[in-house]
Amino acid sequence: MSDLPEVSRLDRTSRLRLVALHRLLSLDPIIDALEPDLSSWVLVVSASPEMEELCLITDRLYDLLVEIGELDDARDARALALQVNDAA
């Protein structure tokens with residue numbers, strides 16, 4: 001993820017890494033199954049300012065992932081329309 005600020009386009013691998021990051025920040029229970037070593041670090045103070053900021057960042061990352069998905073859907077729809085027009 002360290003190269004993310006330099007990329008001009010998100011490839012599939014980068015997108016999957018962003019989703020994995022969101023799942024980690026969200027403390028998604030599926031992470032326990034995938035990364036058993038991470039299950040013990042969830043000892044955080046939920047009322048701390050740091051935790052509140054982390055929650056806000058996580059929410060914003062989710063919003064960005066939704067926007068990326070919507071852009072992908074629109075791009076795929078345009079590509080499909082072009083294919084249909086080319087076939088005609």
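Taking the salt bridge (charged side-chain N to carboxylate O under 4.0 Å, His left out) definition, one finds that Arg60 meets it with Glu67, sequence neighbours left out. Contacts of Leu61 classified as side-chain contact (heavy atoms from CB on, under 4.5 Å), with partners at least two apart in sequence or in another chain: Leu18, Leu21, His22, Leu25, Leu65.
The OG1 atom of Thr58 lies 10.0 Å from the CD atom of Glu53; values are rounded to the nearest 0.5 Å.
Leu64 shares a hydrophobic cluster with no other residue; no ILVMFWY side chain has heavy atoms under 4.5 Å from its own.
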